[in-house]
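Here's the structure we're looking at; comments come further down.
All figures in this text were calculated on a predicted structure; none of them were measured in a lab. Numbers here are sequence positions counted from 1.
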Amino acid sequence: MAVQSNDTDLKDLLLQVQKGELQLPEFQRSWVWDDGKICKLIESITMGFPMGAVMFLETGGEVNYKPRLFTGVDTKMVGIKPDYLVLDGQQRLTTLFQVFMSQNPVETCWERNKNNTIYRFYYIDMVKALDENVDREEAIISISDKKVKTSDIGKIITLDLTSRENEYKNLMFPLNLMFDPTESMNWCLGMLRYYQNDPTKLALYQKFNTDIISSVIAYKLPVIKVLKNTSQSSVCQIFENVNRGGVPLNVFELVTASLAADGVELRQEWKSIEKDFSKYDVLRDIDGTAFITSMTLLDSYEKSIVSGGKIGVKCKKKDVMALRSSVFNQKRDILKNGFIEAARFLIKQGVYSADNLPYNTQFIPLAAIFAYDLSHQHLLTNLPNLTKLSKWYWCGVFGELYGSANETRYASDIKDFFLWLSDDNVLPDTVSRSSFHATRLLSLQTRNSAAYKGVMALLLQDEPLDFLTAGKMTVATYTSENTDIHHIFPANYCERHNLPREKWNSVINKTMIYASTNRSIGGVAPSRYIQTILNHKINKDDLIHAISTHKINFNLLNEDNFDEFIIDRAIKLADRIEKAIGKSISGRDSEDTIREFGMSLI
């Protein structure tokens, strides 16, 4: 990588923007500066204060991003190949171009209402700008595109700049004439004619020209140029290091820019894919970055298979950024179907919605596994193989293995899983490394934990029965009945009886309940709400059976026997987790477990 640095006249930079020689890469976000920030920047420029360096990327090298013009540039410049793309400085350069170079009003917004577009012209009050006792901020005038300021709900005009004569009268110099010497001089001559060559006004203009106009024209910015031999991954790192917006650069945006240069409109493609995904709530939070990461994983795995393992399986950030249009076009539909099959698989596991999805990240290898199988082997139509996939999935959830950087795990997942299908002795790393300790049940207190959501999904997978109606709780009724997680021994009851919070607020004392059932339960003792339910004419045997489908001992619940209930249900949940992961969980009779629960969970 080579970098050059030099100071450049602001005027020259803005002329490059105007001519299309300097443009933005497609991944740069839209211009978003509000009116207040624009005035502050103008203040800094007219005072000669530094505003930081800008950084450009030379075009014509390895990095091939689709360019786009700055906001406010004449659209006839579309199609011009730029010399440089702006990595850092978009907001400042866009602001300055619109203020100083454009004859159109500046498109901006209010500080407290960024969704409402407004249009402004900017002036500088010549008298205030030259008064050392007046803050420069007061001399910067922002006015609507009508060029009129009013008060008293529009009844009184306080400033009218709708004509040159009114500008002269108020001694308001239009900032969009600043870098046009001919128009600037014409304005000056017009102002002097308006005042009939009043010597005091001539002196005022001469001082304004020296102190303000000349200093702005001489203003320079430090420019750092990243030369064209720089790699794409280095460009990404540079951008993230200098990005002043405070929002991390998304890989999706970088790939969008790369593919756009090859004619693929990734944002539009993703919108179409999202529309197909919208039929499955469990896919709701899957974003474009997850999709192209899974695509990179799938493509890499296929290439590894073809090469006999000589090419490694990879999907790190730099690998995703190297995604090409040919790969995207070839794999788009098969991967989309892979995600949809993964969603159907998860629904069968009891994961009915995005809110209760243990890990979004685990979707990436899961979808790639389904996509590869759909296009090559069709092994997942076989029940024993699906059972292995289920075991792998739950080992990831209860081993809590997807909570941090996962690219290496994704690669081992897809390789290991297909090897496992052909050889029972080759356990995937996710399966062999997965570990769940019995005491973890007590520390699962909120749905922020993947394992917490996993327990709830396993309960739903077994299709439990509603307490109130004894009807089967399915994916169809999950949404229609506003199903959610609620306490079995109600929280209010537990607090009133000073029961230990670490137990009553843990996953052991929670289950999936319909909203209507939860209203019937209220905050009373279990024995009381059981009687309330029986008063709804439900058969007692049916109620006993319905409650048991939630891994709950009816008698202990009906006796309000909290301590034994916790032990009994912890044992049942531990058994269910073991069934899901296909191996024993640790510590069921350990000293820690006996200390926390009062006895072992065997």
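With sequence neighbours left out, the side-chain hydrogen bond (donor to acceptor under 3.5 Å, both in side chains) criterion links Lys415 to no other residue. Asp281 pairs by the side-chain hydrogen bond (donor to acceptor under 3.5 Å, both in side chains) definition with Arg284, not counting sequence neighbours. Taking the side chain to side chain contact (heavy atoms under 4.5 Å, CB included) definition, one finds that Pro67 meets it with Gln23, Pro82, Leu85, sequence neighbours left out. Take Asp285 and apply the side-chain hydrogen bond (donor to acceptor under 3.5 Å, both in side chains) test, not counting sequence neighbours, and it matches no residue. Legend: residues meeting salt bridge (charged side-chain N to carboxylate O under 4.0 Å, His left out) with Asp145, ordered by chain and number and at least two apart, are absent.
For residues 117-128, the pairs satisfying side chain to side chain donor-acceptor pair (under 3.5 Å) are Asp35-Tyr122, Arg120-Ser142, Tyr123-Lys147, Tyr123-Glu167, with sequence neighbours left out.
A cation-pi geometry, defined here as NZ or CZ lying under 6.0 Å from the six-membered ring centre and within 45° of its normal, does not hold between Lys225 and Phe56.
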request  = Assess whether side-chain hydrogen bond (donor to acceptor under 3.5 Å, both in side chains) is satisfied between Ser272 and Arg332, documenting all intermediate values.
outcome  = CA-CA 11 Å; Ser272 174; Arg332 176 195 185 278; 3.2 Å; yes
inquiry  = Between Asp198 and Thr200, does the side-chain hydrogen bond (donor to acceptor under 3.5 Å, both in side chains) criterion hold? Intermediate values first, please.
reply    = CA-CA 6 Å; Asp198 182 340; Thr200 60; 2.8 Å; yes
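Using bins of under 30°, 30° to 60° and over 60° for the plane-to-plane angle, the ring pair Phe339/Phe277 lands in the tilted bin. Ring planes of Tyr194 and Tyr168: tilted class, angle from 30 to 60°. By the 30° and 60° cut-offs, the orientation of the rings of Trp270 relative to Phe291 is tilted.
Aromatic ring centroids of Tyr301 and Phe418 lie under 6.0 Å apart. Aromatic rings of Phe70 and Phe97 (six-membered ring for Trp) have centroids beyond the 6.0 Å cut-off, not under it.
Residues Asp287 and Thr289 bring no donor and acceptor atom of their side chains to less than 3.5 Å of each other. Ser184 and Asn186 are not linked by any side-chain donor-acceptor pair at a separation below 3.5 angstrom, with hydrogens and angles left out of the test.
Residues Ile45 and Met51 come closest through the heavy atom pair CD1-SD, 3.7 Å.
The residues Lys37 and Glu111 are annotated as not salt-bridged, no charged nitrogen and carboxylate oxygen being separated by less than 4.0 angstrom.
Other residues, nucleotides and ligands contribute over 12 non-hydrogen atoms within 6.0 Å of the NZ atom of Lys220.
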